[in-house]
Amino acid sequence: MLSQKDLNQIQERNVTEEQVEQQVAQLKRGTAYVKLIRPATIGDGILRMGPEQVEAMNRAFDEDKEYYQFTKFVPASGAASRMFKDLFTFIENGVETQFTDIFFAHIHSFAFFNDLNEAVKRLYGTDIEAMIGDGRKVEVVKALLLEDGLGYGKLPKALLKFHHYEHFDRLALEEHLVEAARYATDNAGVARLHFTVSPEHEEPFKQTVGALKDSYEIKNGVRYDITYSCQKPSTDTVAIDANGELFREKDGKLLFRPGGHGALIENLNDLAQEIVFIKNIDNIVPETRVETTVTYKKVLAGLLLKLQQQTFEYLELLDSGDVTEEELQEMTRFAREQLMIDIPEFVERYDVYEKTDFLYERLNRPMRICGMVKNEGEPGGGPFWVKNQDDEVSLQIIESSQINHGNESQEAIFQGSTHFNPVDLVCGCWNYKGEAFNLTDYVDPNTGFVSSKSKDGRELKALELPGLWNGAMADWITLFVEVPIETFNPVKTVNDLLKPMHN
């Protein structure tokens, strides 16, 4: 039962009573596992391009980009605390591990070394070398992570120094500015970037960009249009306690929790941009190693533009109503063979009008081209053929949490995946009339995930919304393209910055 205070709290967040009821029902029902049909593989859902095709798609992008508006969308709201998990543990117990051994053995290689050395001198009156020699490693780590030092433990990854060059160091944010200038610049020389940030980090973001922007515009010969947004309170979700009742704070208020990165479909929708590149904040390399990344971003975008142009031609023809059976067959082949859209055999028995309506509905959707890398054991999602609750088969990016691992056949399919999702997407978000799709119409709400958590010593069940590139894009036209492993260089722990691609 919701009291008037509850209803007021809900209303303040722009959430409806019906949404809360739906979330509670989903929490009680539990995770609705997806039904895997088979892994997407090369030749069966994943396109592998040879050198000639790579060159052709690059050329297609360069030839047509003047007619489009591009934006680079970078989810960057998370704090870097998980990146330093092992070092926080070291502060707590002082026990050296293989992780800390590697960290201190290569401490001079980190881009933040000079800043850290200055912080150590300020705090302790000596340098890092002397501190390590005196066995005061915990204090060195404190100088890195805590607020009286560099405060890296609470900063977002975007504002951490990632890469060391001969005469300077760069923040993760700066590498995204460099990348955007290479492939997300329009005909007027404007490079658009959009960062999703947490409210407490928005001002530091703006100050940092303000200090850097002019020099990067001169260096890269572009003008930057940089915008920000925060995850909406309306996308937070309620939780239930062990008795199935709404979980409440100590003061009696309903507990609302962030709904996960799937909430960002709202931010992407609000942008209403035409072509959007999506890439995580930590998946970047130094400028000296960026060529392969730029090449394949243009490959993905070139393929998107090529397929979208043909799709739009067909949609205009379907919209006119003046279409022949032969043309419908041509469109059906294109949808099946080029767009990987599963079209049931019974559609062949439809008359011209029914086929026209069917193809129009299937083709008039947002489109995304997703880069996929060979699976080398990284945790995370991958590409699969999936059947939804309406028995429709489609290509989807599926996370481990969406799988019923207790089902042997589903687990076997999941383990048979050959490729991994590096979050490397190019999205077409406008329709053939030049209007922005309402992206929230293409979310599969059944793909949310229920997890067990605790707060204040009490158990709770929490709900994560369908992931941004998972269920939040479930009803998009989706294609997978194999991209080189060199394009995937995430920084999940601080020691990942020691890998060759980050030096």
Side-chain angles (χ1 to χ4, degrees), residues 74 76 78-179 201 204-205 208 211-212 280-290 293 378 486 488-503:
V74 185
S81 51
R82 279 182 291 184
M83 182 174 155
F84 300 107
K85 178 184 173 185
D86 294 88
L87 295 184
F88 275 115
T89 301
F90 180 58
I91 289 176
E92 290 173 13
N93 61 27
V95 177
E96 295 188 38
T97 62
Q98 184 181 15
F99 188 93
T100 55
D101 289 346
I102 293 171
F103 175 81
F104 282 104
H106 299 279
I107 196 167
H108 298 88
S109 300
F110 291 108
F112 53 73
F113 174 79
N114 290 332
D115 290 349
L116 179 58
N117 204 33
E118 291 303 312
V120 166
K121 287 178 183 177
R122 173 172 54 82
L123 291 169
Y124 307 117
T126 186
D127 63 16
I128 288 176
E129 291 290 347
M131 293 287 285
I132 292 174
D134 291 342
R136 300 172 68 185
K137 293 180 179 178
V138 168
E139 289 160 287
V140 173
V141 173
K142 285 183 177 180
L144 173 66
L145 300 183
L146 305 186
E147 288 188 49
D148 57 352
L150 297 184
Y152 268 30
K154 282 194 173 179
L155 287 175
K157 286 183 180 179
L159 302 185
L160 306 186
K161 285 190 173 178
F162 263 39
H163 299 142
H164 175 67
Y165 294 77
E166 188 175 358
H167 300 297
F168 56 89
D169 304 299
R170 273 190 184 153
L171 308 173
L173 169 70
E174 293 175 85
E175 303 293 14
H176 280 280
L177 296 180
V178 172
E179 268 197 30
H201 295 145
F205 251 91
T208 303
L212 294 169
N280 280 336
I281 187 66
D282 63 342
N283 183 19
I284 37 88
V285 292
E287 186 174 359
T288 49
R289 297 182 180 271
V290 80
T293 293
E378 290 280 352
E486 292 86 353
F488 181 54
N489 300 281
V491 178
K492 300 306 179 189
T493 75
V494 64
N495 284 356
D496 286 338
L497 290 170
L498 300 171
K499 293 179 177 178
M501 284 298 288
H502 287 286
N503 284 276

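Classification of the Tyr165-His163 ring pair by plane angle, with boundaries at 30° and 60°, yields perpendicular. Taking the six-membered ring where tryptophan is involved, the planes of Tyr152 and Phe84 are tilted, since the angle between them lies from 30° to 60°.
Using a 4.5 Å heavy-atom cutoff, the side chains of Tyr124 and Glu139 are in contact. With contacts defined as side-chain heavy-atom distances shorter than 4.5 Å, the pair Phe112/Val494 qualifies. You'll find the side chain of Asp86 stays beyond 4.5 Å of the side chain of Thr97, heavy atoms only. The side-chain heavy atoms of Asp115 and Asp169, taken from C-beta on, include no pair separated by under 4.5 Å. Contact of the Leu87 side chain with the Thr100 side chain is registered, since non-hydrogen atoms from C-beta on lie closer than 4.5 Å. Residues Ile281 and Pro156 are not in side-chain contact: their nearest non-hydrogen atoms beyond the backbone lie 4.5 Å or more apart.
Judged by distance alone, with hydrogens and angles left aside, the side-chain atoms of Asn503 form no donor-acceptor pair with the main-chain N or O of Pro286 at under 3.5 Å. The closest donor-acceptor contact from the side chain of Arg289 to the backbone of Glu486 lies at 3.5 Å or more, if one exists at all. A side-chain donor-acceptor contact under 3.5 Å links Asn283 to the backbone of Asn489. Side-chain atoms of Lys157 do not come within 3.5 Å of backbone N or O of Met83 as any donor-acceptor pair.
Here the shortest heavy-atom pairing between Leu159 and Thr208 reads CD2-OG1, 3.8 Å. Across Gly153 and Phe88, no two heavy atoms sit closer than the pair CA-CZ, 3.8 Å. Minimum heavy-atom separation, Phe113 to His108: CZ-CD2, 3.4 Å. Contact between Ser109 and Leu498 at its shortest, heavy atoms only, is CB-CD2, 3.9 Å.
Among the candidates Leu123, Val140, Val138, the single residue satisfying the side-chain contact (heavy atoms from CB on, under 4.5 Å) test with Met131 is Val140.
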Test side-chain contact (heavy atoms from CB on, under 4.5 Å) on Lys142 and Ile91 and set out the steps. CA-CA 7 Å; Lys142 285 183 177 180; Ile91 289 176; 3.8 Å; yes
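Between Glu118 and Lys121 there is a salt bridge, with a side-chain nitrogen of the basic residue lying less than 4.0 Å from a carboxylate oxygen of the acidic one.
The cationic group of Lys137 does not satisfy the cation-pi geometry with Phe90, failing either the under 6.0 Å distance to the six-membered ring centre or the 45° limit from the ring axis.
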